[in-house]
Participant: 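Sharing a structure with you now.
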2 protein chains.
Amino acid sequence: MVKQEAQREQTASMEDYLEAIANLGEGRKVVRVKQISEMLGVKMPSVTSALKKLSERELVEHERYGHIKLTPEGDKVARDVIRRHKALTRFFAQALGINKETAEEDACKIEHVISSLSMERLVKFVEFIEACPLGSANFPSRYEYYLEHGELPRDCSKRSVRKRK
Amino acid sequence: MVKQEAQREQTASMEDYLEAIANLGEGRKVVRVKQISEMLGVKMPSVTSALKKLSERELVEHERYGHIKLTPEGDKVARDVIRRHKALTRFFAQALGINKETAEEDACKIEHVISSLSMERLVKFVEFIEACPLGSANFPSRYEYYLEHGELPRDCSKRSVRKRK
DNA sequence: TATAATTGTTAGCCGTGTCTAACAATTATG
DNA sequence: CATAATTGTTAGACACGGCTAACAATTATA
């Protein structure tokens, strides 16, 4: 309940814009206001005003009618959001068995609010599930072992897999 | 990324107020504006204006300088938020091993944005972890079994526990 | 290349949810 | 019970992040 958190630098909205720009710009592609607006489901003027704010914050380079590009700092922030996004999607999809669609949607929301501590744990959890996928007796203990030692317990190899179904 | 979600009825802020009122009102205790404001870390005028809006939406009964009480509808919403809150806290604390403090903080944020599908899965996941806590070989398969049948597989009983540590 | 289509920007509005300052009601206490 | 302390409300401001309408620049095409 209590609101006393040590705030993130960026708002959720700003993170969304940075993430979108990073994704659209993959492979040196030119990024357009229109594309951003479609990707985020907002109108173009909203994008323009967001870009203005992000420029002021030196997270984005943008000149009127011109190119849109993340600054190194903006790129750093975007990469971090994307990292959280991917980890959360994997968690919902792989670990919980949620459909990709919903997993993506939830990741989009949660990526802006989750603490870094929980984020790191979730990443480790998914890594554990994926690395030690089937023949893993005694799950929580093994997970604790993994958290503590950073590697899988000896008897967690894929060799001991027994397929079901 | 894409914003096309079918919105919740209430805003995150409204849910916070309802949750706070429900928690403060436990056991017929009188709820005060001051308490709500302290619990949520906002000033009293913010509470007053939130109560006004919640009254209009018929989620709260409130008269000037008078009592504050959830309507049946408001109570229903509050219970649901609290249910999500508790499940998330359990997930972070029990399943991921996060400290209670951080688990609470993250639950507070995520309870407002997670889809009901993911929420239900998370609840089941925690139930599974707690019910099938130690001697559980073949974790993901057993989890799938649990999801599919709604009950633990035969060989998941607490009888087969081997304590570690 | 002139004009049409598209894309982008500006201006200004709105709802949400905070805040402070000033005032009002209630409650406690000398 | 009068007054001080506390609690609650109102009024008005502000930041955020959307939106529409109108206009400007760019790009495509007849």
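So you know, we letter chains A, B, ... as the sequences are listed, proteins then strands, and number each from 1. Side chains included, hydrogens not; waters and symmetry mates left out as well; all remaining heavy atoms used.
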Participant: Is there a side-chain contact between A/Thr48 and the phosphate of C/dG8, meaning an N or O under 4.0 Å from OP1 or OP2?
Facilitator: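 Result: no.
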Participant: Taking atom C1' of C/dA25 as reference, at what distance in whole Å does atom CD of B/Glu63 sit?
Facilitator: 14 Å
Participant: Ion pair present between A/Lys109 and A/Glu105, side-chain N to carboxylate O less than 4.0 angstrom?
Facilitator: no
Participant: Does a nitrogen or oxygen in the side chain of A/His67 sit under 4.0 Å from OP1 or OP2 of C/dG8?
Facilitator: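 No, because none of the side-chain N or O atoms of A/His67 sits under 4.0 Å from OP1 or OP2 of C/dG8.
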Participant: Could you go through the side chain to side chain contact (heavy atoms under 4.5 Å, CB included) check for A/Glu15 and A/Arg84 one step at a time?
Facilitator: CA-CA 11 Å; A/Glu15 287 187 349; A/Arg84 297 198 296 271; 3.2 Å; yes
Participant: What's the NZ-P distance between B/Lys52 and D/dA11, to the nearest Å?
Facilitator: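 So the two atoms are 9 Å apart, to the nearest Å.
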Participant: Rounding to an integer number of Å, can you tell me how far B/Leu40 CG sits from C/dC19 C1'?
Facilitator: 15 Å
Participant: Would you mind telling me which residue lines up with the more 5' stretch of DNA chain C, B/Ala50 or B/Arg32, judged by nearest nucleotide?
Facilitator: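 Taking each residue's closest nucleotide, the earlier one in sequence belongs to B/Ala50.
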Participant: For A/Ser13 and D/dC16, is the shortest distance between a side-chain N/O and OP1 or OP2 below 4.0 Å?
Facilitator: no
Participant: Rounded to whole angstrom units, what separation is found between the CD1 atom of B/Ile68 and the P atom of C/dT26?
Facilitator: 14 Å
Participant: Taking atom CD1 of A/Ile98 and atom CZ of B/Arg121, what is their separation to the nearest 0.5 Å?
Facilitator: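 If I round to the nearest 0.5 Å, the distance is 5.0 Å.
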Participant: So does A/Tyr17 get a side-chain nitrogen or oxygen closer than 4.0 Å to the phosphate oxygens (OP1/OP2) of D/dC16?
Facilitator: no
Participant: Do A/Leu40 and A/Ile82 sit in one hydrophobic cluster, given that two such residues count as connected whenever their side-chain heavy atoms are within less than 4.5 Å of each other, even indirectly?
Facilitator: no
Participant: Whole Å only: how far is the NZ atom of B/Lys43 from the C1' atom of C/dT16?
Facilitator: 20 Å
Participant: Where the side chain of A/Met44 is concerned, which of C/dT7, C/dC19, C/dA11 is the nearest nucleotide?
Facilitator: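 Selected nucleotide: C/dT7.
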Participant: Just the rounded figure in Å: distance from C1' of D/dG17 to CD of A/Gln10.
Facilitator: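 After rounding, the gap between these two atoms is 16 Å.
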Participant: Whole Å only: how far is the CE atom of A/Met14 from the P atom of D/dA15?
Facilitator: 15 Å
Participant: Kindly say if B/Lys34 contacts the phosphate of D/dG8, meaning a side-chain N or O under 4.0 Å from OP1 or OP2.
Facilitator: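 No, outside the criterion.
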Participant: Check every strand shown and say whether A/Thr11 touches a base, only sugar-phosphate, or nothing at a heavy-atom separation below 4.0 Å.
Facilitator: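 It contacts sugar-phosphate atoms only.
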Participant: Quick test of your reading of the model: are A/Arg79 and A/Glu26 salt-bridged, counting only N-O distances below 4.0 Å?
Facilitator: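 A salt bridge links A/Arg79 with A/Glu26.
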Participant: Using OP1 and OP2 only, check whether a side-chain N or O of A/Arg64 sits under 4.0 Å from D/dA24.
Facilitator: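 So the side-chain polar atoms of A/Arg64 never come under 4.0 Å of the phosphate oxygens OP1 or OP2 of D/dA24.
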Participant: Kindly say if B/Tyr65 contacts the phosphate of D/dT6, meaning a side-chain N or O under 4.0 Å from OP1 or OP2.
Facilitator: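 For B/Tyr65, the contact criterion (side-chain N or O under 4.0 Å from OP1 or OP2 of D/dT6) is not met.
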